[in-house]
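Just so it is clear: chains get the letters A, B, ... in the order the sequence lines come, proteins before strands, and each one is counted from 1.
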Protein chains: 2
Amino acid sequence: MDELVARKISEPPSVAAWRNAAAEAAAAAGDGDALELVELFFFAYRDFVGDADRLLENYGFGRAHHRVLHFVNRRPGLTIAALLDILRITKQSLNRVLKQLLEAGFVEARAGVVDRRQRLLYPTPKGAALARDLAALQSARFLKVMDELPPAARGAASKFLFAMIDSGERERVRAHLAYAKAAGAAT
Amino acid sequence: MDELVARKISEPPSVAAWRNAAAEAAAAAGDGDALELVELFFFAYRDFVGDADRLLENYGFGRAHHRVLHFVNRRPGLTIAALLDILRITKQSLNRVLKQLLEAGFVEARAGVVDRRQRLLYPTPKGAALARDLAALQSARFLKVMDELPPAARGAASKFLFAMIDSGERERVRAHLAYAKAAGAAT
DNA sequence: CTATTTACGTCAACTATATTGACATAAATC
DNA sequence: GATTTATGTCAATATAGTTGACGTAAATAG
């Protein structure tokens with residue numbers, strides 16, 4: 001273990017190059033403010049997921065189950081491949097969690113009609129109910145925040161969050177939101 | 001495993017009660033918008049931590065090391081207890097990660113002067129440099145976001161994130177930020 | 001001064017979530 | 001008919017967390 005650490009702590013040359021670039025970029029402006037935002041983002045996310053975690057415990061599920069159930073509910077008929085693409089995990093990792101959701105009757109899979117190799121995922125009524133409860137908890141936090149915020153700041157939240165996403169990812173996220181909205185899979 | 005799931009999926013009575021309350025609260029307003037915010041928050045956080053993850057890989061460290069190094073750098077002289085309080089993990093979990101940071105020379109511990117049982121944690125120069133690089137990456141994302149955002153929306157980000165934190169936690173977070181700022185542990 | 005509490009470390013077993021790599025199968029497509 | 005695609009599965013491993021039990025040195029209360 002000492003060896004493992006010792007072998008890896010020396011700084012590779014490739015890092016040194018853009019280390020300076022990044023450091024300079026941030027040092028250029030008042031970094032203190034940005035650092036505060038970094039920490040606020042950390043604390044905000046911690047509490048945000050905490051809500052759902054507590055509810056999930058009652059079902060013996062974890063965050064991984066939540067994510068799967070959420071996206072299946074949001075886009076009924078989702079394929080495995082599409083889900084893997086959203087979650088960015090391996091199929092082996094997805095399978096463990098998905099299998100539990102299927103066996104417990106929160107999600108069901110039907111063979112694709114156009115391509116029968118595909119497994120189209122749908123929430124069961126029970127699954128949809130849990131997904132709705134989880135979404136309600138997290139939505140409630142946002143709604144409360146909007147209420148606390150000065151009106152002028154309310155519209156800024158979604159713009160801010162969207163801008164925080166990798167620019168190369170934004171189009172995909174936009175497409176996902178549009179698809180979900182069109183599918184009418186609200187709450 | 002089937003039994004394990006079967007045993008836990010029946011909904012406990014305590015849940016049913018506030019399930020409705022939460023569902024109603026969210027259903028009361030246009031939930032669709034809030035759902036979008038939920039997903040944007042998820043994607044934004046994913047990309048936000050991704051930056052640091054890639055840099056950490058070069059050192060054989062993970063997110064857990066990052067969090068420890070970050071807060072030690074931000075508040076030099078931090079005690080174990082204070083760190084546990086911020087991270088909300090067990091001492092056993094902290095210890096594994098902290099030990100690696102100590103052995104690899106990124107953090108050092110000195111006995112407390114007023115209370116010699118305490119171990120005061122400080123970043124080494126090497127640790128401070130890595131912390132600065134990591135912070136620079138994440139700060140850079142925020143700075144870029146601020147640049148992309150309409151000027152009117154810029155001030156809203158920190159208000160929004162702060163409002164997303166559990167109300168019972170805000171005072172502690174405020175205290176942490178004030179302490180860090182006063183300690184002058186910038187970047 | 002003794003007793004207790006506090007701050008921290010450590011051993012062990014276990015869980016959840018992820019990974020890589022290899023191989024299997026059925027359906028679609030060339 | 002051969003190949004590619006969508007998915008499932010077995011096995012080994014890593015990381016980050018948990019609970020529980022026990023140890024030790026220093027501070028503090030009586």
How far apart are the closest heavy atoms of [X] and [Y], and which atoms are they?
{"X": "A/A135", "Y": "B/L35", "answer": "CB-CD2, 3.8 Å"}
{"X": "B/L161", "Y": "A/A44", "answer": "O-CB, 3.7 Å"}
{"X": "A/K126", "Y": "A/G105", "answer": "CE-O, 3.4 Å"}

Protein-nucleotides 19-23 of chain C N/O pairs under 3.5 Å:
residue : atom : partner : partner atom : Å
C/dT19  : OP2  : A/T90   : N            : 2.8
C/dT19  : OP2  : A/T90   : OG1          : 2.8
C/dG21  : O6   : A/Q92   : NE2          : 2.7

Measure from [atom1] on [X] to [atom2] on [N] and round the result to the nearest Å.
{"X": "A/H66", "N": "C/dT17", "atom1": "NE2", "atom2": "P", "value": "13 Å"}
{"X": "B/N95", "N": "C/dA12", "atom1": "CG", "atom2": "C1'", "value": "14 Å"}
{"X": "A/D85", "N": "D/dA6", "atom1": "CG", "atom2": "P", "value": "12 Å"}
{"X": "B/D53", "N": "D/dA14", "atom1": "CG", "atom2": "P", "value": "19 Å"}
{"X": "B/Q100", "N": "D/dG17", "atom1": "CD", "atom2": "C1'", "value": "14 Å"}
{"X": "B/H65", "N": "D/dG17", "atom1": "NE2", "atom2": "C1'", "value": "13 Å"}
{"X": "B/L56", "N": "D/dA16", "atom1": "CG", "atom2": "C1'", "value": "14 Å"}
{"X": "B/L87", "N": "D/dT18", "atom1": "CG", "atom2": "C1'", "value": "15 Å"}

Practice prompt. With heavy atoms under 4.0 Å as the rule, sort A/R63 into base, sugar-phosphate or nothing.
Written response: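 Sugar-phosphate only.
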What pairs of nitrogen or oxygen atoms, one from the protein and one from nucleotides 26-29 of chain C, lie under 3.5 Å apart?
residue : atom : partner : partner atom : Å
C/dA28  : OP1  : A/R116  : N            : 3.1

Side-chain N or O of B/R96 closer than 4.0 Å to phosphate OP1/OP2 of D/dT18: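 Answer no for this pair, as no side-chain N or O of B/R96 is under 4.0 Å from OP1 or OP2.
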| Angle class for the A/F43/B/F71 ring planes (parallel below 30°, perpendicular above 60°, tilted otherwise)? |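 Geometry flag for B/F71 against A/F43: tilted rings.
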With heavy-atom distances below 4.5 Å as the criterion, would you say the side chains of A/L177 and B/L40 are in contact?
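Result yes, sub-4.5 Å side-chain heavy-atom pair found.
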Q. Can you find a pair of side-chain heavy atoms, one from B/H70 and one from B/L134, that are under 4.5 Å apart?
A.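 A side-chain contact is absent here, since even the closest heavy-atom pair is not under 4.5 Å.
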Nearest heavy atom decides the nucleotide; on that basis, is B/A64 or A/Q118 closer to the 5' end of DNA chain D?
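Checking each residue's closest nucleotide, the 5'-ward one belongs to A/Q118.
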Next item on the list: Taking salt bridge (Lys or Arg N to Asp or Glu O under 4.0 Å) as the test, write out the residues that go with B/E148, two or more places apart.
Entry: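 Residues passing salt bridge (Lys or Arg N to Asp or Glu O under 4.0 Å) with B/E148: A/R170, B/K144.
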Does the separation of the ring centres of A/F48 and B/Y45 fall below 6.0 angstrom?
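Not close enough - the centres of the two rings lie 6.0 Å or further apart.
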Might you work through the salt bridge (Lys or Arg N to Asp or Glu O under 4.0 Å) test for B/R174 and B/E171, ending with a clear yes or no?
-> CA-CA 5 Å; B/R174 212 193 303 270; B/E171 207 39 63; 3.4 Å; yes
